[in-house]
Number of protein chains: 2
Amino acid sequence: MSTTSIFVKNTGTKEKILKASTALFSELGYKGASVRKIAAQVGIRESALYNHFKNKEEIFLEVAKGIFSSPFSIDSSQIKELAERGKPFIQKFTMQYKMLTFDKNNEKMFRLLMIELLQNKELREQFMSEFHEKNIKVLSEGFFIMMQNSLIRSHDPMMLSYEFLSTLFYMRLQVTLLRFDSLSADSLSTQFEKHVDFFWESIKM
Amino acid sequence: MSTTSIFVKNTGTKEKILKASTALFSELGYKGASVRKIAAQVGIRESALYNHFKNKEEIFLEVAKGIFSSPFSIDSSQIKELAERGKPFIQKFTMQYKMLTFDKNNEKMFRLLMIELLQNKELREQFMSEFHEKNIKVLSEGFFIMMQNSLIRSHDPMMLSYEFLSTLFYMRLQVTLLRFDSLSADSLSTQFEKHVDFFWESIKM
DNA sequence: GTCTATAGAACGATAGAC
DNA sequence: GTCTATCGTTCTATAGAC
């Protein structure tokens with residue numbers, strides 16, 4: 001069944017290239033994923049790639065856009081609402097973090113991020129702002145509200161956020177490493193909930 | 001001034017190669033640190049490298065040996081002694097972890113580890129056993145003793161260790177990233193102590 | 001938009017003179 | 001043990017025919 005769209009153009013080679021590139025970059029890194037390998041996986045010649053992208057760097061940048069494109073779907077009003085109930089706030093946050101951790105596409109992106117983290121300054125800066133500071137900010141807001149409502153003991157919200165987030169990150173890294181070698185990450189799956197329980201017991205009034 | 005040793009041999013080129021390789025591998029990764037660049041930094045020709053090492057891989061393996069060669073200087077008897085006093089155990093552990101984090105040579109090794117973590121299966125396995133499981137084991141022993149002595153509340157020692165270690169790792173990663181871009185990691189320096197304090201308050205009886 | 005053909009550079013590694 | 005010279009491979013990228 002072909003679409004009846006007027007814009008038929010061709011077989012969407014550009015999308016194929018991006019998909020193949022994502023897979024290869026996230027397995028072999030920028031240097032390891034050669035233009036040859038990408039073209040071969042798409043099923044075309046190297047030269048044909050250059051009809052769709054200016055150069056290899058441009059392909060990478062297009063792929064890399066996807067790394068930080070999965071923001072948490074917690075807006076300001078929801079933060080307040082959840083944080084006023086205490087534990088549900090960190091439960092919701094953790095559930096979303098866990099979902100990203102085990103999502104196939106996000107897993108690829110996280111792998112790519114970790115591979116290129118020390119090779120690409122821009123990626124490093126985005127990691128700091130999007131992966132770290134952004135999450136610290138959301139969590140801090142929540143903890144601050146909990147303190148105002150006397151749900152948790154008095155602490156520096158940033159410090160609490162750091163403590164809470166670091167374990168989530170470490171679990172995500174471990175899941176990524178295990179699954180990269182096709183090992184089971186089942187035992188880590190329940191650890192997300194254990195983390196929430198332990199942390200909540202540590203801070204609650 | 002030349003040494004009077006009978007074994008003069010030469011100018012220790014092998015050591016120079018290893019030093020230059022360490023610097024380059026930990027900045028550019030395995031692929032990025034070419035044999036040419038290594039030779040250039042040492043001040044010899046590529047071909048001369050092969051008088052000291054069979055190939056590039058052999059140089060890398062020699063360098064990589066250093067990654068996991070800084071074991072914690074806490075032996076079994078010391079674990080018991082410190083853990084029976086409670087907080088001093090995690091203080092000592094954290095101080096050693098912090099020392100490694102800020103040590104120039106260990107910083108290079110950690111950088112190399114993170115760069116190649118997803119590209120090198122053997123490194124990944126060593127990371128899991130030497131960086132993760134080994135630390136979890138030492139910490140678990142300590143927490144178990146604390147529980148026996150009713151110094152801390154009852155919990156799964158492994159879970160406690162995981163919670164405690166993950167934050168240390170995250171701080172180390174952040175320090176490494178900041179310093180790689182010549183940024184200050186001063187604000188993170190005090191965070192190690194804050195982590196110990198917060199964690200101890202969370203678990204103590 | 002795809003192909004063949006090829007350029008030009010960088011790569012790891014070796015042979016052989018000194 | 002170091003050098004020069006060179007090999008064969010792989011890389012990104014371009015020119016031009018179809």
Side-chain angles (χ1 to χ4, degrees), chain A residues 2-3 5-64 112 115-116 118-120 122-123, chain B residues 2-3 5-64 112 115-116 118-120 122-123:
Chain A
S2 68
T3 60
S5 164
I6 311 163
F7 310 103
V8 185
K9 280 200 165 183
N10 74 336
T11 45
T13 309
K14 191 160 185 170
E15 281 66 38
K16 278 192 203 162
I17 294 170
L18 287 173
K19 200 179 168 189
S21 301
T22 302
L24 287 169
F25 280 136
S26 69
E27 273 200 22
L28 310 168
Y30 182 78
K31 288 208 159 123
S34 68
V35 175
R36 274 170 172 45
K37 285 177 188 159
I38 295 171
Q41 184 136 130
V42 176
I44 56 174
R45 302 282 156 177
E46 297 101 283
S47 55
L49 285 179
Y50 294 90
N51 286 318
H52 304 277
F53 295 94
K54 206 182 83 210
N55 52 30
K56 185 185 177 180
E57 176 76 9
E58 202 180 84
I59 302 178
F60 177 77
L61 290 177
E62 191 70 21
V63 169
L112 177 53
I115 291 180
E116 292 301 316
L118 278 129
Q119 310 269 4
N120 188 315
E122 202 174 326
L123 229 47
Chain B
S2 68
T3 60
S5 164
I6 312 164
F7 310 103
V8 185
K9 281 201 164 184
N10 75 336
T11 46
T13 308
K14 189 158 186 170
E15 280 66 39
K16 278 192 202 162
I17 294 170
L18 287 173
K19 201 180 167 188
S21 301
T22 301
L24 287 169
F25 280 136
S26 69
E27 273 200 22
L28 309 169
Y30 183 79
K31 288 207 159 125
S34 68
V35 173
R36 273 165 166 57
K37 284 178 188 159
I38 295 170
Q41 183 136 131
V42 175
I44 56 174
R45 301 284 155 175
E46 297 101 282
S47 55
L49 284 179
Y50 293 89
N51 286 318
H52 305 277
F53 296 93
K54 206 182 84 210
N55 52 30
K56 186 184 178 182
E57 175 77 9
E58 202 181 84
I59 302 177
F60 178 77
L61 290 177
E62 192 70 22
V63 169
L112 176 53
I115 291 179
E116 293 299 318
L118 278 130
Q119 311 270 3
N120 188 315
E122 202 174 326
L123 230 48

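All heavy atoms count here, side chains included; hydrogens, waters and symmetry mates do not. Throughout, a chain's letter reflects where its sequence line sits, starting with A, and its residues are numbered from 1.
In this structure, CD of B:E46 is placed 10 Å from C1' of C:dC11, rounded to the nearest angstrom. The separation between B:K56 atom NZ and C:dA10 atom P is 15 Å, rounded to whole Å. If you take NE2 of B:H52 and P of C:dA13, they are 16 Å apart, rounded to a whole angstrom. Between the CG atom of B:N55 and the P atom of D:dT9 there is a distance of 18 Å, rounded to whole Å. Nucleotide D:dG1 holds its C1' atom 14 Å from the CZ atom of B:F53, rounded to whole Å. Summarising the geometry, the separation between OH on A:Y50 and P on C:dA7 is reported as 17 Å, rounded to the nearest angstrom.
Scanning all heavy atoms of the two residues, the minimum distance from B:N55 to B:Y50 falls at CA-CE2, 3.9 Å. Shortest non-hydrogen contact noted between B:I17 and B:V42 is CA-CG2, 3.7 Å. Between A:I38 and A:S21 the shortest heavy-atom distance is CG2-OG, 3.4 Å.
Side-chain contact between A:F53 and A:L18: present, with at least one pair of heavy atoms (C-beta onward) separated by less than 4.5 Å. Contact annotation: the side chain of A:I44 never approaches that of A:K16 to less than 4.5 Å [non-hydrogen atoms, C-beta and beyond]. The closest side-chain heavy-atom distance from A:F25 to A:I115 is not below 4.5 Å. Side-chain contact between A:F60 and A:L112 is present, with heavy atoms from C-beta onward closer than 4.5 Å.
Of the residues in residues 25-44 of chain B, those with a non-hydrogen atom less than 4.0 angstrom from any atom of DNA chain C are B:S34, B:V35, B:R36. If you check residues 15-23 of chain B against DNA chain D, you find no residue with a heavy atom closer than 4.0 Å.
Other residues, nucleotides and ligands place no more than 12 heavy atoms under 6.0 Å from the CD atom of A:E122.
With distances taken from any side-chain atom of B:S47 to the nucleotides D:dT12, C:dA13, D:dC3, the minimum falls on D:dC3. Closest to the A:R45 side chain, of the nucleotides D:dT14, C:dT14, C:dT4, is C:dT4.
Judged by the 6.0 Å distance and 45° axis criteria, A:K56 is positioned over the aromatic ring of A:Y30.
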